[in-house]
2 protein chains.
Amino acid sequence: MLMATPHAATRASRAPLVAPRRAAEPALPDPCRTCAVRALSVCAALKGAEMAGLAGIVGRSQYPAGATIMMEGDPADHLFNIIEGTVQIYRLLPDGRRQITGFLMGGDFLGLALNDTNPYSAEAVGTVSLCRLPRRRFEQLIDQFPQLERRMLVDASNELFAAQEQMLLLGRKTAREKVATFLLMLARRAARRGKPDDEIVLAMSRAGIGDYLGLTIETVSRTITRLRRDGILALHGANRVEIVDREALEDAAEG
Amino acid sequence: MLMATPHAATRASRAPLVAPRRAAEPALPDPCRTCAVRALSVCAALKGAEMAGLAGIVGRSQYPAGATIMMEGDPADHLFNIIEGTVQIYRLLPDGRRQITGFLMGGDFLGLALNDTNPYSAEAVGTVSLCRLPRRRFEQLIDQFPQLERRMLVDASNELFAAQEQMLLLGRKTAREKVATFLLMLARRAARRGKPDDEIVLAMSRAGIGDYLGLTIETVSRTITRLRRDGILALHGANRVEIVDREALEDAAEG
DNA sequence: GAGACCGCTTGATCCAGGTCAAGGCCGGCG
DNA sequence: CGCCGGCCTTGACCTGGATCAAGCGGTCTC
């Protein structure tokens with residue numbers, strides 16, 4: 001509702017606003033209407049007019065590669081929706097060992113917990129653009145629209161399931177199985193976003209992959225090399241992975 | 001409402017029922033009113049009269065040690081509240097490797113996910129008594145009482161946090177740190193139930209501990225032995241652990 | 001109360017993945 | 001355009017925890 005964006009597509013899609021507001025489904029408020037990930041995000045739980053409350057409180061922000069978005073233990077003033085880019089969330093041990101507990105991408109919700117303090121840190125992997133919501137006002141919205149809460153519970157359930165799968169990976173899989181599982185997960189997520197599912201772009205470094213899988217960078221590197229030598233993958237530069245033999249990769253993921 | 005219990009305290013607290021129902025807070029319906037873990041469970045979200053709906057649909061059941069309560073992939077017809085005993089939930093790899101993703105105890109809710117099929121298997125560790133709710137009817141209750149949904153979201157949030165902590169443990173901690181962390185977790189849970197926090201009774205076998213921590217039974221056993229030799233623990237039989245030096249145990253848990 | 005079974009401990013050995021150490025590749029900057 | 005600094009890869013070696021293999025209690029059965 002507030003700021004105009006210079007994006008051409010935005011101007012074009014705004015034209016209908018000159019029409020009187022007699023339409024059955026009122027035009028979506030601005031920042032959310034033009035949101036590329038609305039259908040994937042919690043916002044999908046709200047329809048037409050209900051979006052107004054949301055649109056009124058959101059703000060966009062951009063973070064450069066490596067920027068810290070939130071720190072574990074700090075007050076949780078804001079929630080975020082990822083618009084574009086990849087965010088890694090992680091927890092640290094006192095001596096600096098790091099466990100990345102998730103990579104969030106477009107449409108994912110950052111701050112599901114609704115705690116007063118952040119339960120983990122979050123960092124931009126590449127350039128990231130986020131939709132920021134003040135927590136207090138979002139909580140008011142939840143009280144107003146129960147379907148938002150339902151949607152959050154569904155999301156939390158799914159995350160819990162994913163977390164258990166990740167525990168299985170961390171506790172019981174070999175390095176080869178871990179890397180294969182990880183690549184398949186990225187391929188599936190790419191596919192859900194309409195991208196080809198046999199060409200993976202690794203937004204994160206080898207250190208990021210290692211800290212997600214409970215491995216060192218050397219083991220990640222060696223394991224990828226071995227999968228390449230086995231004819232399962234092909235590399236196009238260090239960060240572009242092609243799945244050459246998907247079936248073999250799936251076999252490798254489960255022992 | 002239905003069956004009378006022979007418990008003396010129950011009879012005593014029932015006396016007010018003879019009074020006319022003008023009381024502001026009506027007496028709780030029977031099976032829930034006498035529930036030892038009500039304050040700890042989701043049921044705490046419902047007050048007085050609201051409990052009637054819940055009480056009408058619950059049933060108690062008992063499982064012997066080792067019994068399977070639910071199987072991963074089977075239709076999720078029921079949800080459960082743990083009344084007494086310990087339940088382990090786990091996921092398997094095709095070749096039988098197992099990861100236990102949680103131990104549930106009195107007051108914990110089994111079936112948070114609300115999926116159509118069970119996302120994991122659950123098994124009684126010792127003798128377990130459960131409160132069983134048909135899922136369909138519980139979902140109707142949720143629609144009726146939004147505070148139930150809120151409570152489930154809070155629970156799911158907490159589980160998510162615990163899951164991330166467990167990922168940190170599985171991915172980045174040494175065997176000694178894992179075992180120390182595990183024992184401290186059990187001690188804290190015992191304390192929340194009003195038991196002494198320096199005497200832990202291990203309901204689960206070494207195999208269970210190993211499958212929870214991503215270790216073998218031999219490593220679990222050796223690690224406990226070492227903590228004992230270091231004067232941090234004392235064992236009274238294989239399953240009764242006394243924390244002798246809590247500070248040292250806490251140091252051991254975080255490197 | 002003898003035997004068998006099951007879960008736990010302990011010892012000996014092995015090996016997957018960690019650690020340490022060199023390069024190699026590539027993109028940014030002067 | 002050549003140098004510099006980050007990543008990434010690869011090699012050599014090491015080690016924490018796995019694997020393999022005996023026992024050792026405790027307890028259940030008959």
Heavy-atom side-chain proximity of [X] to [Y] below 4.5 angstrom:
X: B:I89; Y: A:Q164; answer: yes
X: A:R98; Y: B:R172; answer: no
X: B:Q99; Y: B:L170; answer: yes

Please pick, from C:dG17, C:dT10, C:dC8, the nucleotide with the shortest atom-to-atom distance to any side-chain atom of B:N239.
C:dC8

Starting the side chain at C-beta, find the nucleotide from C:dT19, C:dC8, C:dT10 nearest to B:R228.
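Per side-chain heavy atoms of B:R228, the pick is C:dT10.
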
Below the 4.0 Å mark, does C:dG18 have OP1 or OP2 next to a side-chain nitrogen or oxygen of A:T219?
yes

Applying a 4.0 Å non-hydrogen cut-off, can you work out what [X] is touching in the nucleic acid: base, sugar-phosphate, or nothing?
X: B:T216; result: base
X: A:G214; result: sugar-phosphate
X: B:I224; result: nothing

Report the distance from atom CZ of B:F182 to atom OG1 of B:T223, rounding to the nearest 0.5 Å.
12.5 Å

Which heavy atom in A:V220 sits nearest to a heavy atom in A:I209, and how many Å separate them?
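Smallest heavy-atom distance, with atoms named: CG1-CG2, 3.8 Å.
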
Restricting to non-hydrogen atoms, name the atom on B:S121 and the atom on B:E72 that form the minimum distance, rounded to 0.1 Å.
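Heavy atoms only, the tightest pair is OG-N, 3.0 Å.
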
Between atom [atom1] in [X] and atom [atom2] in [N], what is the gap in whole Å?
X: A:R240; N: C:dC26; atom1: CZ; atom2: P; answer: 14 Å
X: A:R97; N: C:dG18; atom1: CZ; atom2: P; answer: 13 Å
X: A:L213; N: C:dA16; atom1: CG; atom2: C1'; answer: 16 Å
X: B:R229; N: C:dT9; atom1: CZ; atom2: P; answer: 11 Å
X: A:R172; N: C:dA16; atom1: CZ; atom2: P; answer: 16 Å
X: A:K178; N: C:dG17; atom1: NZ; atom2: P; answer: 7 Å

For the side chain of B:R192 and the backbone of B:L40, is there at least one donor-acceptor N/O pair under 3.5 Å apart?
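Flag not set: sc B:R192 to bb B:L40 has no pair under 3.5 Å.
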
Want to settle it: does A:A175 or A:E218 sit nearer the 5' end of DNA chain C, counting the closest nucleotide to each?
A:A175

Closest-nucleotide 5' rank along DNA chain D - winner of B:R222 and A:I217:
A:I217

Does anyone know the first and last nucleotide of DNA chain D in reach of chain B, 5' to 3', at under 4.0 angstrom to a heavy atom?
D:dG17 to D:dC20

